Every structure is written in structure tokens, then in C-alpha cells.
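Quick caveat: nothing in here was measured; it's all calculated off a predicted structure.
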Amino acid sequence: MRDFSTQLQCSWRDTYYLVLALPVASMCFLMAAAVPLGLVFMALVIGAPAWPDLVRLLRRLAGYERVRAGTRLRTAVAEQYLPLDGVPADRLRLSLTDPGTWRDARWLPLQIIITLLFCAVAILVWMVGLVVDGLNMGVGGAVARRREDTYGTPAKPRTPLVLHRLGTLADTQAAWSAALLRPKPSARLVDRIAELSESRAGAVEAHSAELRRIERDLHDGVQAQLVALSMRIGLAKQLVRTNPDAALARLDEAQSGVESTLADLRHVVRTVHPPVLTDRGLAGAVRALAASSEIPVEMGLGSVENSFRLPAAVEAAAYFVVAEGLTNIRKHSRATQASVRFTRGNGILRVIVADNGRGGADEHEGSGLIGIRRRVAALDGTASLSSPLGGPTKLKVELPCGS
């Protein structure tokens, strides 16, 4: 009887999942009536403001069933919706054009049918199982154990013949619900294309901004200094015969201006692609950044040591992430210690720049962190910032590196 009692407990847990679908089906019945009524009233205009709220309620009901099915199947059931943000007209448009909304609407009547069908089958399984498994495991098991006690004949374990099918029923119902609610691969592909289009647009914008910055630096800095040099040399040519000493002074000034112009020009070149990356590699370039930092920097560069070279675009992105991160730490964090760590695995290079400063960093207050996000997105990477008030601040970037 102990085996039969254990099987009854397992079967009841499986039945509980099936029975719990009845309240869900009741809500589906109400929503299946509310959705067409909402569309009718929306067509009459008077129901338009309430339609997005009805869609939110539908999403919550479908979300509850996703969690239920995912818990049963031990795997999460993905959801995919357009955000219902903006002015009322935008919310109405998004709720009407969202494929996820109509996927949930199609799920409503099918969920009702599936629930009633499976509950009816579960009742039949219980009726047959109590008789068959009761005789097989209950009565038969008791007789076998009494024979074992009397004659010493080992009793063979009795397995359920019918009641264990309730677990299969529950798993099947969960799988059907998940299949009805899970977005299609084509929908995820559309989202992926949208993400790539957005990151490409951000990369183009960042590239245009970088070109404008380089043009401004050359125009306002190097070009202006070259014009001043030309004027000094011209003055020196005019004074060379009448006042050689004054001409020599102008040439000295021009030589100093040449050195200053070259320094500015090197700075512009470094912002395009730092030569130190080509000469020393990523580890050496990051060490050079840390050496020039006013704040002590703890480094973990083992993943990019030993002459290991990543693709040039990945190295450049990682270098600028560290450079921008250390610059922000110096300007805003009031930190006394910073750290830069690289790890690599499964084709991903992870860069973490952290500090022990005051925290509260907001990427929308300046363009530096937004620029990092755009530069990383252009390489199909991700960037995340954690900066609670009081610190610490941690900037984490993941870049596909192909090794």
C-alpha cells in the first residue's frame, strides 16, 4: 500500500497542475468575450482609450500561463511584445499592430478547449487508475508483501499502469500552452534585424560625430596653428635683411609652434587609432593608460597577454572603453582606487572597469557612456553600467572576439 500511496501523491500533484488551468480557462473565457467587444467599442471610438488597458490585462493573463508552463517544463517560455509607451494615440497604434497581442488573442479559445479536454481525460484516467492501479499496486502489493513475510519469496515492485499518465498529460498541456504563447522564430528574427538596424544607425551616427570632432580639432587646432606658423615665417622673411635678430626670434617662435602643432596632430591621430595599440598590443596600451592615470589602477590582463592579438576593431573598442572609463573615474567619481580586468571565453571578450568612488553615474548626463554603448553595439557587443549611490561603479562590456 505504501507504493500506491506514493503514486497517489504524485498523481495528485500532476492533477493539481491540470485543475489549476480551470481558473485560467475561466479568465480566458471572459477575455475571449472582452476582446471582440473591445474592438467593436474601439471602432465606435468610445472604447479606444480602454483598449491598451485591455491589452495589458491580456498580457498579464498570458504571462501567468507562461510562468506556469515554464515551471512545469523547467524552461522559460519567452515573450515578445511592443512596449505600450507614448501618447494615447501611440499606445493604441502599438497595441493594434503588436503581433504578440494577436498571438495571445488566438491563444484564448484554444486554451479553453485544451483545458476542458485535458481535465476530462484526467477524470477518466483517475476513474480507471483507481481501479487498475488500486488492484495492481494496492491489493496486489499487499498480497505480495504478506507472501514475502510468510514464505520469504521476494516481492517484485509494482509499477503504476494508468495513474502515471497524469504526469504525461500535465507535461503535454504545458507544452501546448508554451507552443501557443511562444513567439515564432521569424518574429525573433525580425526583432534581431531591428536591433542590428538600430545599432548600425548608432554606429553611423557615432562615426559621423567622430568625423566632425576630428574635423573640428584639425580646423580649430592644427590648421589655426599652421596659419600662425606661416605668418611668423613670412614676417621672418621680411625682417631677414633689415633686422636679422628679429627675424631669428620669429623663426624660434615658429620652431616652437611646429613642436606644439606636431603634439596636437599626434593627439588627433591617437583618437583615430592609437599607435600604441599597433606597437604594444591591447595589454601594453592599457598599461600605458593606467600609467598616465592620476588614480591607482589595479589590472588583470592575463587574457590578452603573451602576444595574443584580437581583431583590430575589437582591440580598438576595448581600448577606448578603458580610456573613457578611466577618464570618467578621474573627472567624476572621487575614487581612490580603480580596476581594469579582461576575461575571455566562449568567443567573448569581457572588459570590466570599476572604481570605489561615490557612484550615481548616469550615462544620459554626458556623451561618453553613450558613445561607449554605440561603439560596442556596432560590433554586436553589449554594455552595462552599475553605479548605485555611494558606489561602487562598474562598467561591464562584452565584445565578440571569435576565440
Original post:
Which pair of non-hydrogen atoms, one from Arg68 and one from Tyr17, has the smallest distance, and what is that distance?
Top reply: NH1-O, 2.9 Å
Original post:
Hey, what do you get for CG (Asn356) to OG1 (Thr336), rounding to the nearest 0.5 Å?
Top reply: 3.5 Å
**OP:** State, with a plain yes or no, whether a side-chain heavy atom of Trp107 is found less than 4.5 Å away from one of Cys28.
**Re:** yes
**OP:** Report the C-alpha separation of Leu169 and Asp14 in whole Å, then their side-chain angles, then the decisive distance to 0.1 Å, and conclude whether the side-chain contact (heavy atoms from CB on, under 4.5 Å) test is met.
**Re:** CA-CA 8 Å; Leu169 277 177; Asp14 297 330; over 6 Å; no
**OP:** Is it possible for you to check whether Arg350 lies under 6.0 Å from the centre of the six-membered ring of Phe342, through NZ or CZ, and within 45° of that ring's axis?
**Re:** no
Original post:
Would you say Trp126 has more than 12 foreign heavy atoms packed within less than 6.0 Å of its CH2?
Top reply: yes
Subject >> Where Gln173 and Ala21 come nearest, the two heavy atoms and their spacing >> reply: NE2-CB, 3.1 Å
Subject >> Arg56 side chain near Arg91 side chain, heavy-atom distance below 4.5 Å >> reply: yes
Original post:
Has the side chain of Arg287 got a donor or acceptor atom that lies under 3.5 Å from a matching backbone atom of Leu282?
Top reply: no
Subject >> OG1 on Thr327 to CG on Leu289, rounded to 0.5 Å >> reply: 8.0 Å
Subject >> Any side-chain heavy-atom pair of Leu349 and Val314 under 4.5 Å >> reply: yes
Original post:
Should the pair Arg165-Asp171 be classified as a salt bridge under the 4.0 Å nitrogen-to-oxygen rule?
Top reply: no
Subject >> Approximate separation, where rounding is to 0.5 Å, of Leu37 CG and Met31 CE >> reply: 11.0 Å
**OP:** For the pair Val24 and Thr115, evaluate side-chain contact (heavy atoms from CB on, under 4.5 Å) and give the outcome as yes or no after the intermediate values.
**Re:** CA-CA 9 Å; Val24 177; Thr115 299; over 6 Å; no
Subject >> Heavy-atom pair of closest approach, residues Pro388 and Pro392 >> reply: CD-O, 3.3 Å
Subject >> Under-4.0 Å salt bridge between Glu79 and Arg182 >> reply: no
**OP:** To the nearest 0.5 Å, tell me how far Ser95 OG sits from Arg59 CZ.
**Re:** 8.0 Å
Original post:
Is there side-chain contact between Leu94 and Tyr81, with heavy atoms separated by less than 4.5 Å?
Top reply: no
Subject >> From CG (Leu395) to OG (Ser384), nearest 0.5 Å >> reply: 7.0 Å
**OP:** Determine whether Leu181 and Arg103 make a side-chain contact, defined as any pair of heavy atoms from C-beta on separated by less than 4.5 Å.
**Re:** no
Subject >> Pairwise distance CD(Glu65) to CG(Asp104) - rounded to 0.5 angstrom >> reply: 11.0 Å
Original post:
Looking just at side-chain N and O atoms, do Ser333 and Asn328 make a donor-acceptor pair shorter than 3.5 Å?
Top reply: no
Subject >> Residue pair Ile348 / Leu399, side-chain heavy-atom distance below 4.5 Å >> reply: no
Subject >> Worked check of side-chain contact (heavy atoms from CB on, under 4.5 Å) between Val353 and Ser339 >> reply: CA-CA 6 Å; Val353 183; Ser339 65; over 6 Å; no
**OP:** Starting from the C-alpha separation in whole Å, work towards a yes-or-no answer on side-chain contact (heavy atoms from CB on, under 4.5 Å) for Ile352 and Lys394.
**Re:** CA-CA 7 Å; Ile352 299 177; Lys394 180 183 291 186; 3.6 Å; yes
Original post:
How far apart are the C-alpha atoms of Asp355 and Arg334, what are their side-chain angles, what is the distance that settles it, and do they pass the salt bridge (Lys or Arg N to Asp or Glu O under 4.0 Å) test?
Top reply: CA-CA 9 Å; Asp355 67 74; Arg334 299 179 185 174; over 6 Å; no
Original post:
Considering only heavy atoms from C-beta outward, does the side chain of Val55 approach that of Leu96 to under 4.5 Å?
Top reply: no
Original post:
Looking at side-chain heavy atoms only, is the closest gap between Trp176 and Phe118 below 4.5 Å?
Top reply: yes
Original post:
What closest approach, in Å, do Pro23 and Leu20 show between heavy atoms, and which atom pair accounts for it?
Top reply: CD-O, 3.0 Å
